[in-house]
Undergrad: 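Below you will find the structure I want to go over with you.
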Amino acid sequence: MSRPKGPVVAIDGTAGTGKSSVGRAAAQRLGMSFLSTGGLYRALAYTVFSKGVNPSDETAVLRTAQNIRFTFERQDDATLKMFVDGVYLGDKLNLDEVAQTASKVSTNAAARAVLTEQMRRVAKDGGVILEGRDIGTVVFPDAETKIYLDASAAVRAERRVKQLLAQGVAADYASILSSIQRRDERDSTRAASPLKPAPDAVKIDTSAMNMEQVIEAVVKEISKHAA
Ligand code: DC
C-alpha cells in the first residue's frame, strides 16, 4: 500500500442513496476516518453568508475560501469533525440558506480548487473515506477504491417518504419523486464537476438492498484493494 495510514476511498452517488451513513459505518468498521466533503462547501457558504460577501462575486468568494483555516479532529464514530477558523459550526451548516449558498459557491472553479487542496491535505496519508461528487474524479483520481452508489429515483423517493413519515412529517410521493428527478438532472448536467461516476468506480445499485447490505458491500470492496 502506498499511503502510510491506509487507502483513500471515494464514495459518490446520487442524492438519497445513504452515502454519508454508509461511508461513516464502513470507516468505523475498518478503523478509518470519514469526511463528508460537502461540509467544506457548506463552511465556505456559511462564512460568505456571515461576512456579507455576495455569493455571485467570484473574486470575493475565492478570497474568502483562501482565508478560511480548516482543522479536523477524528471522533470515536470515525467522523472527522471540522473546525472553521477554530470554531465547530455544527447544525448551522444544515440551515437551508447555507445549503442554497453552498450550491452556488460550489460552481466557483477557483474556490473549488482551494477546497480541493484542503481535502487532499487532510487525507493525503490515507486511512480516509471521503464522500463527495468529485473525489474520485478530481480530488483523488488515484484513490485506491472508488464507489458509486445509485438507486432508482422511485426507490429513493420511497425511502424519503418513509423517512419523513417516521419523523411525523406528511410526505407526498409524487412531488418528492419529481424533486429528486429535478435534482438528478441539475446535478448531472452542471458545468463544474457534474455528478458522474469515475470511469474506474465500482457501481453499486442499492435499489434492492438494505443499509446493512450496502455497508457490507462497501467494506468488502475496500478490503479487496487494501489486501
Ligand atoms: O453533500 P452536501 O449537501 O453537504 O453538499 C453541499 C454542497 O456542496 C452541494 O451543493 C454539493 C456541493 N459539493 C460539491 O460540489 N463537491 C463536493 N465534493 C461536495 C459537495
Side-chain angles (χ1 to χ4, degrees), residues 8-25 27 33-50 53 55-56 58 61-62 64-65 68 70 72 79-84 88-124 128-143 145-151 156 159-160 163 176 179-180 182-198 201 206:
V8 163
V9 176
I11 296 193
D12 191 7
T14 44
T17 47
K19 290 166 288 185
S20 285
S21 315
V22 168
R24 186 180 310 108
S33 299
F34 173 72
L35 180 68
S36 183
T37 61
L40 282 83
Y41 288 94
R42 287 171 182 263
L44 172 59
Y46 181 84
T47 311
V48 158
F49 200 68
S50 61
V53 170
S56 309
E58 301 227 333
V61 170
L62 169 61
T64 307
I68 296 177
F70 286 102
F72 300 90
T79 315
L80 288 172
K81 185 171 178 178
M82 179 179 71
F83 297 84
V84 179
Y88 173 62
L89 294 172
D91 277 347
K92 288 181 186 152
L93 296 185
N94 295 327
L95 295 170
D96 204 47
E97 297 99 303
V98 172
Q100 293 301 331
T101 309
S103 166
K104 253 182 235 161
V105 298
S106 72
T107 62
N108 179 324
R112 293 194 72 83
V114 172
L115 299 188
T116 292
E117 271 319 304
Q118 296 293 334
M119 294 168 203
R120 289 185 182 143
R121 181 177 61 84
V122 63
K124 70 177 184 337
V128 185
I129 298 179
L130 300 102
E131 176 266 314
R133 64 191 52 191
D134 59 347
I135 306 304
T137 47
V138 177
V139 185
F140 282 103
D142 61 342
T145 304
K146 300 179 188 179
I147 289 164
Y148 189 88
L149 299 181
D150 207 353
R156 287 182 286 136
R159 287 178 186 163
R160 185 73 189 135
Q163 213 177 38
I176 288 176
S179 134
I180 286 178
R182 275 202 311 275
R183 186 163 163 186
D184 282 356
E185 171 70 16
R186 199 172 57 226
D187 280 356
S188 54
T189 54
R190 66 181 215 182
S193 289
L195 177 68
K196 63 165 193 278
T206 71

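Each ligand, and each atom within it, is numbered from 1 in the order the structure gives. Below, each value reflects all heavy atoms present in this structure, side chains not excepted, and no hydrogens, waters or symmetry copies. Index from 1, following the sequence. As the structure is a computational prediction, the values presented were derived from the model and not from experiment.
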Undergrad: A quick test of your reading: do over 12 heavy atoms of other residues, nucleotides or ligands sit less than 6.0 Å from CG of D91?
TA: no
Undergrad: For the pair R156 (side chain) and G16 (backbone), establish whether a donor and an acceptor sit closer than 3.5 Å, ignoring hydrogens and angles.
TA: no
Undergrad: Please enumerate all residues that pass salt bridge (Lys or Arg N to Asp or Glu O under 4.0 Å) together with R120, with sequence neighbours excluded.
TA: E117
Undergrad: Could you tell me, atom by atom, which parts of ligand 1 come under 4.0 Å of a heavy atom of T37?
TA: 17 (C), 18 (N), 19 (C)
Undergrad: Flag D134 as yes when one of its N or O atoms lies below 3.5 Å from any N or O atom of ligand 1, and as no otherwise.
TA: yes
Undergrad: Can you tell which part of S103 has a heavy atom less than 4.0 Å from ligand 1: side chain, backbone, both or neither?
TA: both
Undergrad: Give the atoms of ligand 1, by number and element, whose distance to some non-hydrogen atom of R42 is under 4.0 Å.
TA: 2 (P), 3 (O), 4 (O), 6 (C)
Undergrad: Which residue pairs satisfy the side-chain hydrogen bond (donor to acceptor under 3.5 Å, both in side chains) criterion with at least one member in residues 8-23, sequence neighbours excluded?
TA: T14-D150, S20-E131
Undergrad: Any N or O on E131 sitting closer than 3.5 Å to an N or O of ligand 1?
TA: no
Undergrad: For ligand 1, which atoms have a heavy atom of R112 less than 4.0 angstrom away?
TA: 14 (C), 15 (O), 16 (N)
Undergrad: Which atoms form the tightest heavy-atom contact between L80 and V122, and what is the distance?
TA: CD1-CG2, 3.9 Å
Undergrad: Can you name the closest pair of heavy atoms from T116 and D134 and give their distance?
TA: OG1-OD2, 4.5 Å
Undergrad: Using distance alone, determine whether R183 and ligand 1 share an N or O pair under 3.5 Å.
TA: no
